[in-house]
Number of protein chains: 2
Amino acid sequence: MRSTAAGAAHEETAAKEKLLNAATDLFTRRGYSATSVREIVAAAGVTKPVLYYHFGSKEGIYRAIMDLTQEAFNVRLEKVRRRGGPAGKKLQSLLEEVFDLFLERLSVVRLIFAIYYGPHQGAPDFDFNQFDEAFRKSVLEIVREGVKSGEFRKGRAEDMALVVMGTFSVATELELSHAGRGIGRNGLARLLRLVLNGIAYQGGKVRAQ
Amino acid sequence: MRSTAAGAAHEETAAKEKLLNAATDLFTRRGYSATSVREIVAAAGVTKPVLYYHFGSKEGIYRAIMDLTQEAFNVRLEKVRRRGGPAGKKLQSLLEEVFDLFLERLSVVRLIFAIYYGPHQGAPDFDFNQFDEAFRKSVLEIVREGVKSGEFRKGRAEDMALVVMGTFSVATELELSHAGRGIGRNGLARLLRLVLNGIAYQGGKVRAQ
DNA sequence: GTCTATATTGAGATAGAC
DNA sequence: GTCTATCTCAATATAGAC
């Protein structure tokens, strides 16, 4: 399964992919500055010029990792935006799309976290908040639709969006730290339903959904 | 300038604290292994033997940072556990207690995240999952009380606990990345209420809380 | 040119005076 | 409790033999 962007499934792509994977892994495990171009090409099983041909520099491959991920991320968000249906379902689709991407690119996510939270290590600047902002915006948009249509309660849509994001956050965190032993797609869907319906006893019936 | 003898207890504490703060800051910004004892003592305005007197080693001061934080964390959890009242209120207290601690020790939290998500950098082993586990356990305990008493819906208490933790997570994340421009204690309380009552329109009145 | 022996440096850690 | 001065040790850098 050739998942990563770049399209064509040629040999050229194979080297590119191997380089991207090797670099992602090494940057994460040893840090950006501590990783040498030599190590990357060795791990990828290619020679230095191959890296420089495709990415121009160490910084170039780093940017490629981030740009490709961001692009894939935006594609998923856009995909859901075009979808119709009730807001609850759209939220579920959104979370699932992003969650799937998250799982597909767990190693990149680790790298992002390492750079974002870790010491700066001379890594090129990259605005990681874009991910969060784009996600937030998408969630908020759907929440607003839901409020407007009466599907959701009246209230601060911003707060609702945050709660949904928190739900996503806890599901991803479990995957990150307990590697594969998280609650998965289905667990995430369950949590979302819980958030929509509320934890507290509402006095009457428990909504089916 | 150097007041010898009559070493008042407050002087002692001052040096210790300054060392802890300096080390926390440097470990976070530059990484554990990249930070030298020299830098720490210089930043704290003391000399090397002071560090070795209080903490025994570089690893010692690192452990002290973590141990003190963990202890403070457990104290807060215990404090809430002894409290009575409805589960919803207890959850709120719990989140607020932990959130306050989080804000008080933002710099330590940054360090924990940096070590947890970043490259290992030779930092001493420390089981950061203890924080999460203890927190999870406390939340779960309260959720179970709530379900038992009929205050909360019947259902997977584990899921409910996760949703509550996600709510906490998103509030803290905002403080971490937008430094001081987060939603604060009150925002967190709002989010919790939302989670308890649900986002979706329930058919009847909106619960007052 | 390469190899081995010897500085040099900078790290964590300590001794003993005050 | 804190200081000055010093130690041990490893990684690196360099010199000079071969």
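Excluded from the calculations below are hydrogen atoms, water molecules and symmetry mates; all remaining heavy atoms, backbone and side chain alike, are included. Owing to the predicted nature of the structure, the values given are computational and were not obtained by experimental measurement.
Residues B:Lys148 and B:Glu145 are not paired through a salt bridge, judged by the lack of any N-O separation under 4.0 Å between the basic side chain and the carboxylate.
In B:Asp125, the CG atom is not crowded: 12 or fewer heavy atoms of neighbouring residues, nucleotides or ligands sit closer than 6.0 Å.
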Nucleic acid footprint by protein, nucleotides 7-13 of chain D - heavy-atom cut-off 4.0 Å, B for base, S for sugar-phosphate alone: -------
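When only modelled atom types and interatomic distance are considered, B:Ser107 and B:Thr24 share no side-chain donor-acceptor pair under 3.5 Å. Using modelled atom types and a 3.5 Å distance limit, the side chains of A:Glu173 and A:Ser169 yield no donor-acceptor pair. A donor and an acceptor atom, one from each side chain of B:Arg83 and B:Ser93, are located under 3.5 Å apart.
For the pair B:His54 NE2 and C:dG12 C1', the interatomic distance rounds to 18 Å; values are reported in whole Å. Distance B:Leu51 CG to D:dG1 C1': 13 Å, rounded to the nearest Å. As a whole-Å value, the separation of B:Lys18 NZ from D:dT2 C1' is 12 Å. Between the C1' atom of C:dA13 and the CG atom of B:Leu19 lies a distance of 15 Å, rounded to the nearest Å. Protein atom CD of B:Glu59 is 18 Å distant from nucleotide atom P of C:dA11, rounded to whole Å. Separating the CZ atom of B:Phe27 from the C1' atom of C:dG12 is a distance of 12 Å, rounded to the nearest angstrom. Between B:Glu17 atom CD and D:dG1 atom C1' there is a gap of 16 Å when expressed in whole angstrom units. The CZ-C1' distance, from B:Arg30 to C:dA11, rounds to 13 Å in whole Å.
Counting only heavy atoms from C-beta on, B:Pro49 has its side chain closest to C:dT14 among C:dG12, D:dT2, C:dT14. Listed nucleotides C:dG12, D:dC3, D:dT2 differ in distance to B:Thr47; the shortest reach to its side chain belongs to D:dC3. You'll find that the side chain of B:Lys58 is closest to C:dA13, out of D:dG1, C:dA13, D:dT4.
Regarding contacts with the backbone of C:dT14, every side-chain N or O of B:Tyr52 stays at 4.0 angstrom or more from both OP1 and OP2. Between B:Tyr53 and D:dT2 there is no side-chain polar atom (N or O) within less than 4.0 angstrom of OP1 or OP2.
Residue-level contact check: B:Thr35 touches the backbone only, with heavy atoms under 4.0 Å from sugar-phosphate atoms and none from bases.
Taking the six-membered ring wherever Trp is involved, the centroid distance between the rings of B:Phe135 and B:Phe168 falls below 6.0 Å.
With sequence neighbours left out, A:Phe152 forms a ring-ring contact (aromatic ring centres under 6.0 Å, His included) with no residue at all.
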